[in-house]
**Student:** 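Next up is a structure, given as structure tokens.
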2 protein chains.
Amino acid sequence: MDWSIQDVARLAGTTSRALRHYGSIGLLEPSRVGSNGYRYYDAAALVRLQRILLLRQLGLGLDEIARALADDGDPAAALRRHLARLDAERERLARQARAVERTIAALETGGPLMAEDMFDGFDHTQYREEVVQRWGKQAYADSDAWWRGLSDEQRRDWKALSQRLGEDWIAAAGAGEAPDGEAAQALAARHVRWLGGIPGTPGYPDGPSKEYVLGLSEMYVADPRFARNYGGETGAAFVRDALRIYAEREL
Amino acid sequence: MDWSIQDVARLAGTTSRALRHYGSIGLLEPSRVGSNGYRYYDAAALVRLQRILLLRQLGLGLDEIARALADDGDPAAALRRHLARLDAERERLARQARAVERTIAALETGGPLMAEDMFDGFDHTQYREEVVQRWGKQAYADSDAWWRGLSDEQRRDWKALSQRLGEDWIAAAGAGEAPDGEAAQALAARHVRWLGGIPGTPGYPDGPSKEYVLGLSEMYVADPRFARNYGGETGAAFVRDALRIYAEREL
DNA sequence: CCTTGACCTTGACGCTGCGTCAACTTCTAC
DNA sequence: GTAGAAGTTGACGCAGCGTCAAGGTCAAGG
């Protein structure tokens, strides 16, 4: 008992083209192929197709569907991963929407700021190049959209927070604390939480990955623009050591 | 005073490939091209590039950016349209997320419902084919995701609401009301609001479009499955007439 | 038996916004 | 003069099919 490709498409509410596509990528093979090349599908194939279509409607990619439906795949786990992605995407869109709103407001009150924004942009892009190189364009665009979405007050708060963190690091280094000591490790934990609040950091929103923290801490030392925030080269080295220890222990 | 493609890319924080792409689609031409084929950009081009990149970071497509930056384009209007799209997309994702959550819950409590869901799906797809034909796959997928995202209680509520609407139509038709009378027009308004609550309807979430209402009302008459909900062919004709008048007047 | 029309096949381009080779020419500096 | 950096024009790749194109197959009717 089997059906032609058109029958199946109608039954399942999809198209014959999609079925051929699924066949060509090995996601759903016809149960039988006639000597004339016609594809035929049996009930088992239909069940599998229903599962595929359900997962598709929920927004999963075909490769993930394949993994989820494999013998050792776990559909529920795949769905949970997907849910996390959906939430992240939704947050991204929310940030972008806020950025768009503020841009509209700026356009309407301040006139065409889009040109005057230039130099701010240029200054900004000294960092951009590096961020993009190290962590990808998406990361930069995300964090930039996040920044644009903040209000002036929120930006002030953020700057103050960042500055206090820097000052505390400098103070700790100046006080002769040990990088693996309690004070430095507490600062490291604060630093990682602070990082986690920046969208676009790899691993957001679960918190930054170990590699990211390690790479970043090296950058603090290597790059004078960052090092300056932590009291120059020696201060940055202290930050790096403390972060490295923290990352190895906790991440 | 102009810059090479690499200079511009670095200054603006993008890549030479992107600049060439913008050139090839006519979005940003170099201000000058050397006899050797090298591209050079002047300050005006840089300003335009900054605008382009700003809009890109806000998520606009290149074609919309082109329109927004054209002489007769309105950047603020483009941004507002974009904002509406962002919100719609966010809602879509929210619905999809809810659907995913419920599917996870169903998977974990009821075991593998994904197969048993089949027949419900098959029954469902009697309509699917037509909905897809008339209003596109996206519309169907949206409304299906919406339906899956509802709780059992919400579904009961929805069904009750729909049924009451149908009963009220039948009652009005039976009472000999005129399609352009106050009672019928009030029902039509209710009907349109009811439609507007179904995601995936063309025009959602602003309310259904006039064409959609007109087309749908014809379908109520033509298709016995829908006509049944409104008291058969004569009842459906009454609904159609009332809706048509309402649509012409109000939409 | 032949035609018509519905249904099937494989193959290939299109969409979005570039990243990423590839193969070559040109400029710059030593 | 030559290495190396930077420039050029193609062209493929990605996700998931939609959409021709060109042609073979099959059931029904004249």
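Everything numeric in this text was worked out from a predicted model, so none of it was measured. Residue numbers begin at 1 in each chain, while the letters A, B, ... track the order of the sequences.
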**Student:** Looking across every strand, which nucleic acid part, if any, lies under 4.0 Å from A:S16 by heavy atom: base, sugar-phosphate, or nothing?
**Tutor:** nothing
**Student:** Which nucleotide, if any, forms a Watson-Crick or G-U wobble pair with D:dG30, using both distances under 3.5 Å?
**Tutor:** C:dC1
**Student:** Any side-chain N or O of B:R39 below 4.0 angstrom from OP1/OP2 of D:dG7?
**Tutor:** no
**Student:** If I take atom CG in residue B:L49 and atom C1' in nucleotide C:dG17, what distance separates them, rounded to the nearest angstrom?
**Tutor:** 15 Å
**Student:** Specify the separation, in whole Å, of atom CZ of A:R10 and atom P of C:dC7.
**Tutor:** 6 Å
**Student:** Which is true for A:I25 with a 4.0 Å heavy-atom rule: it touches a base, it touches only sugar-phosphate, or it touches nothing?
**Tutor:** nothing
**Student:** What is the distance from CG of B:L53 to P of C:dG17, rounded to the nearest Å?
**Tutor:** 13 Å
**Student:** Taking the minimum atom-to-atom distance to the side chain of B:I5, which one of D:dG7, C:dG17, C:dC8 wins?
**Tutor:** D:dG7
**Student:** Does a side-chain N-to-carboxylate-O contact under 4.0 Å join A:R32 and A:D42?
**Tutor:** no
**Student:** Provide, to the nearest angstrom, the distance between the CG atom belonging to B:L19 and the C1' atom belonging to D:dT8.
**Tutor:** 14 Å
**Student:** Taking side-chain hydrogen bond (donor to acceptor under 3.5 Å, both in side chains) as the test, write out the residues that go with A:R102, two or more places apart.
**Tutor:** none
**Student:** How many Å lie between CD on B:Q57 and P on C:dC18, as a whole number?
**Tutor:** 11 Å
**Student:** Excluding sequence neighbours, so at least two apart, what forms side-chain hydrogen bond (donor to acceptor under 3.5 Å, both in side chains) with A:E218?
**Tutor:** A:R244
**Student:** Donor-acceptor pairs under 3.5 Å, side chain of residues 68-80 of chain A to any protein atom, not counting sequence neighbours: which ones?
**Tutor:**
unit_1 : atom_1 : unit_2 : atom_2 : d
A:D74  : OD1    : A:A76  : N      : 3.0
A:D74  : OD1    : A:A77  : N      : 3.4
A:R80  : NH1    : B:E108 : OE2    : 2.7

**Student:** Who passes side-chain hydrogen bond (donor to acceptor under 3.5 Å, both in side chains) against A:D63, sequence neighbours left out?
**Tutor:** none
**Student:** What is the per-nucleotide protein-contact pattern of nucleotides 20-30 of chain C, from the 5' end, where B denotes a base atom under 4.0 Å from a protein heavy atom, S denotes such proximity for sugar-phosphate atoms only, and - denotes neither?
**Tutor:** B-----BS---
**Student:** Under 4.0 Å from OP1 or OP2 of C:dC18: is there any side-chain N or O of B:T15 that close?
**Tutor:** no
**Student:** Using atom CZ of B:R56 as one end and atom P of C:dG17 as the other, report the distance to the nearest whole Å.
**Tutor:** 6 Å
**Student:** Quick one: does A:V33's side chain get under 4.5 Å of A:Y38's, heavy atoms only?
**Tutor:** no
**Student:** Categorize B:G34 for me: base, sugar-phosphate, or nothing, with a 4.0 angstrom heavy-atom threshold over every strand shown.
**Tutor:** nothing
**Student:** Does a nitrogen or oxygen in the side chain of B:R20 sit under 4.0 Å from OP1 or OP2 of C:dG17?
**Tutor:** no
**Student:** Are OP1 or OP2 of D:dG7 and a side-chain N or O of B:Q6 less than 4.0 angstrom apart?
**Tutor:** yes
**Student:** What is the distance, rounded to the nearest whole Å, between atom NE2 of B:H21 and atom P of D:dG7?
**Tutor:** 19 Å
**Student:** Between B:Y41 (OH) and D:dA6 (P), how many Å, whole number?
**Tutor:** 16 Å
**Student:** Applying salt bridge (charged side-chain N to carboxylate O under 4.0 Å, His left out), can you list everything that pairs with A:R48, at least two apart in sequence or on another chain?
**Tutor:** none
